[in-house]
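Below is one structure, written out as structure tokens, with a few remarks after it.
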Number of protein chains: 2
Amino acid sequence: MRMVEERSGAAGSGTRARTRRAIIDAAIGLLAGDPTASLGDVAAAAGVGRTTVHRYFPERSGLLTAIGTDILEKVEAATDRARLDDGPAAKALERLCQEYFELGDGLTLMFETPQLATWSGWDEETAADQHFLRTVRRGHTDGSIDSELDEEWVRNLVWSLLYSAWAHTRTAGASKHSAMTLCLHTLRKAIAP
Amino acid sequence: MRMVEERSGAAGSGTRARTRRAIIDAAIGLLAGDPTASLGDVAAAAGVGRTTVHRYFPERSGLLTAIGTDILEKVEAATDRARLDDGPAAKALERLCQEYFELGDGLTLMFETPQLATWSGWDEETAADQHFLRTVRRGHTDGSIDSELDEEWVRNLVWSLLYSAWAHTRTAGASKHSAMTLCLHTLRKAIAP
DNA sequence: GCTGAATGGAACACTGATGTTCCATAACGG
DNA sequence: CCGTTATGGAACATCAGTGTTCCATTCAGC
């Protein structure tokens with residue numbers, strides 16, 4: 001018998017936690033390429049049986065929610081690492097850009113997820129989101145960000161550039177580094193006053 | 001009996017052409033919001049019976065192909081209207097941006113369509129695409145476009161900004177005009193040398 | 001090595017979308 | 001006004017994905 005475990009996010013016994021991660025990671029990688037992939041495909045990609053997937057996520061929506069939560073956590077962690085409150089706001093956004101870029105497939109998924117499921121956490125104001133918007137406003141004040149660009153537009157812009165950068169590595173076959181360079185170069189000029 | 005008609009794109013008799021357009025337009029509007037919408041939903045949105053949809057497009061993929069072709073035509077037309085060869089290349093891109101912006105839902109769909117169907121026409125070099133890339137190169141020469149940004153990156157950038165602009169009207173509830181202003185403002189700064 | 005937890009696979013019922021056929025009715029056009 | 005053309009709706013077969021159950025097997029940890 002096991003105690004309460006299986007609460008909110010993480011799993012309990014080592015084996016279960018590992019299997020759960022394997023499924024979620026495989027699902028993120030697979031759904032980023034094809035949001036309509038079946039649970040059977042996810043199971044195959046994770047290297048487990050379809051039955052096992054259903055054991056961890058009785059309903060498809062449960063898996064989707066778990067993915068959403070997982071990505072959200074990664075976003076929060078990346079935001080923390082970017083130390084948004086240090087130095088000029090414009091520089092902070094560049095650091096954030098680099099951190100977010102490392103999210104990889106999770107990034108792609110965030111663009112396509114609205115179609116996957118009506119995931120409740122997106123439009124809600126997350127801590128990371130608020131911190132971002134606050135930083136843009138700080139940039140308006142400290143003069144490092146063009147004050148003609150309101151916060152929401154800058155947020156959209158950053159996400160778009162990140163998406164473009166990833167697309168650039170795929171379509172133009174560019175290296176991650178050169179894509180990031182272009183991305184930052186463009187961001188810097190776009191938000192400069 | 002009807003003659004050859006029904007060739008490549010357009011339909012034949014007036015009534016058929018009108019119904020066909022109604023279905024395609026409804027499908028574009030609907031699929032832009034939910035790419036997984038069923039043919040029954042499309043029929044309802046178009047104000048016709050599900051049977052009629054199947055009569056025009058025996059298979060779902062046929063409808064998807066028709067949509068792709070339709071959007072592609074609109075893109076070509078918009079590109080022509082932008083008169084890319086007139087004036088400084090940077091200004092030409094701004095005009096193009098404005099024209100593309102008017103594509104509306106078609107724009108949204110172009111981002112999500114790769115998942116809808118393996119539509120052959122996307123990666124193929126269309127006339128509009130080549131004209132675009134050529135214009136960017138012209139901008140590198142005439143000094144109106146930052147030569148550190150290669151053609152493909154500028155193309156990705158323009159599409160991203162357009163997507164952002166539309167997203168901005170939805171999420172931030174901005175007017176089309178103010179979204180376009182932000183979009184152009186940002187593009188101008190981003191591509192300036 | 002032993003025991004319970006974890007897994008894989010087969011078999012099943014269920015659902016929603018797709019695609020087809022047929023017929024009665026409405027609209028179009030000369 | 002009449003015949004052709006286009007349409008709507010019902011009924012049907014089919015199919016793929018989902019979710020469930022059961023059982024034999026394997027694995028992990030003590």
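Below, read A as the first sequence line, B as the second, and so on, with proteins coming before strands; counting in each chain starts at 1.
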- Message: Without decimals, in angstroms, what is the distance between B/Asp41 CG and C/dT18 C1'?
- Response: 13 Å
- Task: Could you tell me whether the side chain of B/Arg50 and the main chain of B/Leu39 form a donor-acceptor pair under 3.5 Å?
- Result: no
- Query: Is the B/Trp153 ring parallel, tilted or perpendicular to the A/His168 ring (thresholds 30°, 60°)?
  - Reply: perpendicular
- Look at B/Asp70 together with B/Arg21 and state whether they make a salt bridge at an N to O cut-off of under 4.0 Å. yes
- Message: Side chain of A/Leu39 only, heavy atoms from C-beta on: which candidate in C/dA17, D/dT18, D/dT20 is closest?
- Response: D/dT18
- Rounding to a whole Å, what distance do you find between B/Arg18:CZ and D/dT5:P? 17 Å
- Query: Judged by modelled atom types alone, do A/His131 and A/Asp85 share a side-chain donor-acceptor pair under 3.5 Å?
  - Reply: yes
- Interatomic distance where NE2 belongs to A/His54 and P belongs to C/dA11 [whole Å]: 18 Å
- Query: After noting the C-alpha distance and the side-chain angles of A/Glu94 and A/Glu99, does the key distance pass the side chain to side chain contact (heavy atoms under 4.5 Å, CB included) rule?
  - Reply: CA-CA 9 Å; A/Glu94 290 181 37; A/Glu99 292 292 343; over 6 Å; no
- Starting at atom CZ of B/Arg60, determine the distance to atom P of C/dG16, rounded to an integer number of angstrom. 16 Å
- Query: A/Phe57 has an atom CZ; how far is it from atom P of D/dT20, in whole Å?
  - Reply: 15 Å
- Note on the structure: Any stem touching DNA chain C, meaning at least three consecutive Watson-Crick or G-U pairs under 3.5 Å, ordered by first number, would be C:1-30 with D:1-30
- Query: Whole Å only: how far is the CG atom of A/Leu64 from the P atom of D/dG19?
  - Reply: 10 Å
- Item | Phosphate contact (C/dA6 OP1 or OP2) by A/Tyr56 side-chain N/O below 4.0 Å | no
- Task: Grab the two heavy atoms, one from B/Thr19 and one from B/Val48, that are nearest each other, plus how far apart they are.
- Result: CG2-CG1, 4.5 Å
Using a cutoff of under 3.5 Å, can you pull out all pairs of nitrogen or oxygen atoms linking the protein to nucleotides 8-13 of chain D, with atom names and distances?
| from | atom 1 | to | atom 2 | distance (Å) |
| --- | --- | --- | --- | --- |
| D/dG8 | OP2 | B/Gly49 | N | 2.7 |
| D/dG8 | OP2 | B/Thr52 | OG1 | 2.5 |
| D/dG8 | O6 | B/Arg55 | NH2 | 3.1 |
| D/dG9 | N7 | B/Thr51 | OG1 | 2.7 |
| D/dG9 | O6 | B/Thr51 | OG1 | 3.4 |

- Separation of C/dT18 P from B/Leu63 CG (nearest whole Å): 10 Å
- Is the closest basic N to carboxylate O distance between A/Asp146 and B/Lys189 below 4.0 Å? yes
- Message: Between B/Asp150 and B/His140, do the side chains contain a donor N or O and an acceptor N or O under 3.5 Å apart?
- Response: no
- Using only side-chain N and O atoms of A/Arg16, determine if any of them is under 4.0 Å from OP1 or OP2 of C/dA5. no
- Tightest non-hydrogen contact, residues B/Ala128 and B/Glu76, listed as N-OE1, 3.3 Å
- Message: Let me spell it out: for each of A/Ser38 and B/Thr19, pick the nucleotide of DNA chain D with the closest heavy atom. Which residue's pick is nearer the 5' end?
- Response: B/Thr19
- Task: Find the distance B/Glu59:CD to D/dA16:P and express it as a whole number of Å.
- Result: 14 Å
